[in-house]
Visitor: 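I have a structure here, written as structure tokens, and I will follow up with some questions on it.
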Amino acid sequence: MDKSQENLRGSALMVAAMALFALEDMFIKRAAQTLPVGEVLILFGLGGMIGFSLLAASRGQRLVHPAMVSRALIIKALMEVIGRLGYTLGIALTPLSNASAILQATPLVVVAGAAVIFGEKVGMRRWMAIGVGFLGVLVILQPGAEGFVPAALWTVLGMFGFAGRDLATRAAPRVLSNFQLGLHGFTALIPTGAIILASTGGAIVPPLPALASVGAATVFGVCAYWWLTSAMRMGEVSVVTPFRYTRLLFGVALGVIVFGEGLGPATLMGAALILASGLYTLVRGRRVSRPADGSARTSR
């Protein structure tokens, strides 16, 4: 398969993965309408742990590896917990379309974090683009205005948690596969959900519709992660990565169709700023990664 075909298949897989992630969000939001968030995290963590265990075992990979207790993996687990907890509360308490828009700022935080933590070169133009993306988040949040919803700050916390997880993943031991990393991340949600339940009143017997919603979210989430990994390994990163932003389109569509959400001007304007800044950051990053002779450098 030539490079153009790989890029085409990789881009298609990325779009499909983003559609499944949006469906995961939708079912998590449905489950959280009748189940405590802590219980949702426990069930979701159990489902993801089982799913990734089966995937890892099918490839002869160890389910328990010494590298899973490395510093990078401990930080990754902590950030996974913060991201999942914040974003789950965000989509449970605020419109799905707003939460989906705010989440799109995650790559911008990753770029900024890579510059600070890993010393990657980020020029003034990309820093300005990152600033514009954060401005887009503020436009959606509307701090100080009548339309401000404090619960939306949970989504912001989740966004920073996911960015931290992605940064920690880059520092994770190379001996661990993506399936082993997925298993590690989902397992961390189980004790987290238990702690939340213990402090908020305990679990309830899950109604069948809520249980089905968590099950659907787990299946879609595991498949989405698998397709995302395949996309990133199949095509060129600079070609495939921009299709991550299609998650916003799917999230907004599901919010409007399933939950009857309206799209205010602040959400539309903020999402436009985030998308524009994110795409510019990716394009600019691709340009500066090329040496003067035009040949691409190897990227991680």
Visitor: Hey, is the main chain of Arg62 close enough, under 3.5 Å, to the side chain of Gln180 for a donor-acceptor pair?
Guide: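 Flag set: sc Gln180 to bb Arg62 pair under 3.5 Å.
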Visitor: Measure the CD1-CE distance between Ile274 and Met269 for me, rounded to the nearest 0.5 Å.
Guide: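 Between atom CD1 of Ile274 and atom CE of Met269 there are 12.5 Å.
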Visitor: Between Ile102 and Thr94, is any pair of side-chain heavy atoms under 4.5 Å apart?
Guide: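 A side-chain contact under 4.5 Å is absent here.
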Visitor: Could you give the distance from CG (Leu20) to OH (Tyr225), rounded to the nearest 0.5 Å?
Guide: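 Answer rounded to 0.5 Å: 15.0 Å.
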Visitor: How far does CZ of Arg247 sit from CD of Gln104, to the nearest 0.5 angstrom?
Guide: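 Taking CZ in Arg247 and CD in Gln104, the distance rounds to 7.0 Å.
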Visitor: Is the closest side-chain heavy-atom distance between Met14 and Trp227 below 4.5 Å?
Guide: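 Sidechains of Trp227 and Met14: no contact.
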Visitor: Does anything in residues 165-191 form a ring-ring contact (aromatic ring centres under 6.0 Å, His included)? List the pairs, not counting sequence neighbours.
Guide: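 As it turns out, the ring-ring contact (aromatic ring centres under 6.0 Å, His included) pairs with a partner in residues 165-191, which skip direct neighbours, are Phe44-Phe186, Phe52-Phe186, Phe179-Trp226.
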Visitor: What heavy-atom pair brings Ile140 and Ala266 nearest, and what distance separates the two atoms?
Guide: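 Nearest pair, atom of Ile140 first, then Ala266: CG1-O, 3.9 Å.
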Visitor: To check you understand the geometry: which heavy-atom pair defines the closest contact between Gln61 and Ser177, and what is its length?
Guide: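 Shortest heavy-atom contact: OE1-OG, 2.6 Å.
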Visitor: To the nearest 0.5 Å, what is the distance between OG1 on Thr192 and CG on Leu85?
Guide: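 Here the rounded value is 7.5 Å.
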Visitor: Check whether Leu176 and Met79 end up in the same hydrophobic cluster, where Ile, Leu, Val, Met, Phe, Trp and Tyr are linked by side-chain heavy atoms less than 4.5 Å apart.
Guide: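 Different hydrophobic clusters.
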Visitor: Are Leu73 and Leu181 side-chain neighbours, meaning at least one heavy-atom pair lies under 4.5 Å?
Guide: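 Leu73 vs Leu181: side chains touch.
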Visitor: Run the numbers on Thr106 and Arg244 for side chain to side chain contact (heavy atoms under 4.5 Å, CB included), then give the verdict.
Guide: CA-CA 11 Å; Thr106 302; Arg244 281 178 176 266; over 6 Å; no
Visitor: Let me confirm one number: the OG-CG distance from Ser213 to Leu208, rounded to the nearest 0.5 Å.
Guide: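 The CG atom of Leu208 is 9.5 Å from OG of Ser213, to the nearest 0.5 Å.
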Visitor: Check for me, please, whether Leu275 and Leu273 land in the same ILVMFWY cluster - side-chain distances under 4.5 Å, paths through other members count.
Guide: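 No; tracing contacts between hydrophobic side chains, which count when under 4.5 Å, never links both residues.
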Visitor: For a quick test of reading the model, state the closest non-hydrogen atom pair linking Ile91 to Ala99 and the distance between them.
Guide: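 Heavy atoms only, the tightest pair is CG2-CB, 3.7 Å.
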Visitor: Please tell me if the side chains of Thr34 and Pro206 come closer than 4.5 Å, counting only heavy atoms from C-beta onward.
Guide: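 Thr34 vs Pro206: side chains apart.
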Visitor: Per the ring-ring contact (aromatic ring centres under 6.0 Å, His included) rule, what does the pair list look like for residues 8-27, sequence neighbours excluded?
Guide: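 Pairs touching residues 8-27 that pass the test: Phe27-Phe220.
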Visitor: For side chain to side chain contact (heavy atoms under 4.5 Å, CB included), just list the numbers for Met18 and Leu228, CA-CA rounded to whole Å, side-chain angles, deciding distance to a tenth of an Å, and then say yes or no.
Guide: CA-CA 8 Å; Met18 294 303 105; Leu228 170 65; 4.2 Å; yes
Visitor: In this structure, would Leu157 and Leu96 fall into the same cluster of hydrophobic residues linked by side-chain contacts under 4.5 Å?
Guide: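 Not linked; separate clusters.
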Visitor: Tell me whether Ile204 shares a hydrophobic cluster with Val214, the cluster being built from Ile, Leu, Val, Met, Phe, Trp, Tyr side chains joined at under 4.5 Å.
Guide: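 Linked, Ile204 and Val214 end up in one cluster.
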Visitor: Does anything in residues 239-263 pair up under ring-ring contact (aromatic ring centres under 6.0 Å, His included), and if so which pairs, sequence neighbours excluded?
Guide: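 Qualifying pairs, neighbours excluded: none.
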Visitor: Hydrophobic clustering (ILVMFWY, side-chain heavy atoms < 4.5 Å, transitive) - are Leu135 and Met128 grouped together?
Guide: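 No: no chain of side-chain contacts under 4.5 Å links Met128 to Leu135.
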Visitor: Hey, what do you get for CZ (Phe162) to CG (Leu167), rounding to the nearest 0.5 Å?
Guide: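 Nearest 0.5 Å value for the CZ-CG distance: 13.5 Å.
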Visitor: Side chains of Thr155 and Asn98, heavy atoms from C-beta outward: is any pair under 4.5 Å?
Guide: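 Of all side-chain heavy-atom pairs linking Asn98 with Thr155, none is under 4.5 Å.
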Visitor: With a sphere of 6.0 Å drawn around CZ of Arg59, does it hold more than 12 non-hydrogen atoms of other residues, nucleotides or ligands?
Guide: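 Correct, the count exceeds 12.
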Visitor: Does some side-chain heavy atom of Ser277 sit less than 4.5 Å from a side-chain heavy atom of Leu108?
Guide: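 The answer is yes; the side chains approach within 4.5 Å.
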Visitor: Looking at every non-hydrogen atom in both residues, tell me the closest pair between Leu13 and Ser230 and how far apart they are.
Guide: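 So the minimum-distance heavy-atom pair works out to CD1-CB, 3.9 Å.
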Visitor: For Gly48 versus Thr218, what's the shortest heavy-atom pair and its separation?
Guide: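 Result for this residue pair: N-CG2, 3.4 Å.
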Visitor: Under the side chain to side chain contact (heavy atoms under 4.5 Å, CB included) rule, what do Ser97 and Val256 come out as? Steps first, then yes or no, please.
Guide: CA-CA 8 Å; Ser97 52; Val256 172; 5.7 Å; no
Visitor: Do Val258 and Arg30 have side chains that get closer than 4.5 Å, going by heavy atoms?
Guide: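 Yes, at least one pair of side-chain atoms sits under 4.5 Å.
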Visitor: So which atom in Leu63 and which in Ala57 form the shortest heavy-atom distance, rounded to 0.1 Å?
Guide: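 Closest approach of Leu63 to Ala57, heavy atoms only: CD2-N, 4.3 Å.
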Visitor: Is it true that a side-chain atom of Trp127 and a backbone atom of Val122 form a donor plus acceptor pair closer than 3.5 Å?
Guide: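 Pair found, side chain donor or acceptor close to backbone of Val122.
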Visitor: With the side chain counted from C-beta on, respond yes when Ser100 and Tyr87 share a heavy-atom pair under 4.5 Å apart, and no when they do not.
Guide: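 SC-SC contact between Ser100 and Tyr87 confirmed.
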Visitor: Checking side chain to side chain contact (heavy atoms under 4.5 Å, CB included) for the pair Ile82/Phe160: CA distance, chi angles, key distance, verdict?
Guide: CA-CA 8 Å; Ile82 293 174; Phe160 279 107; over 6 Å; no
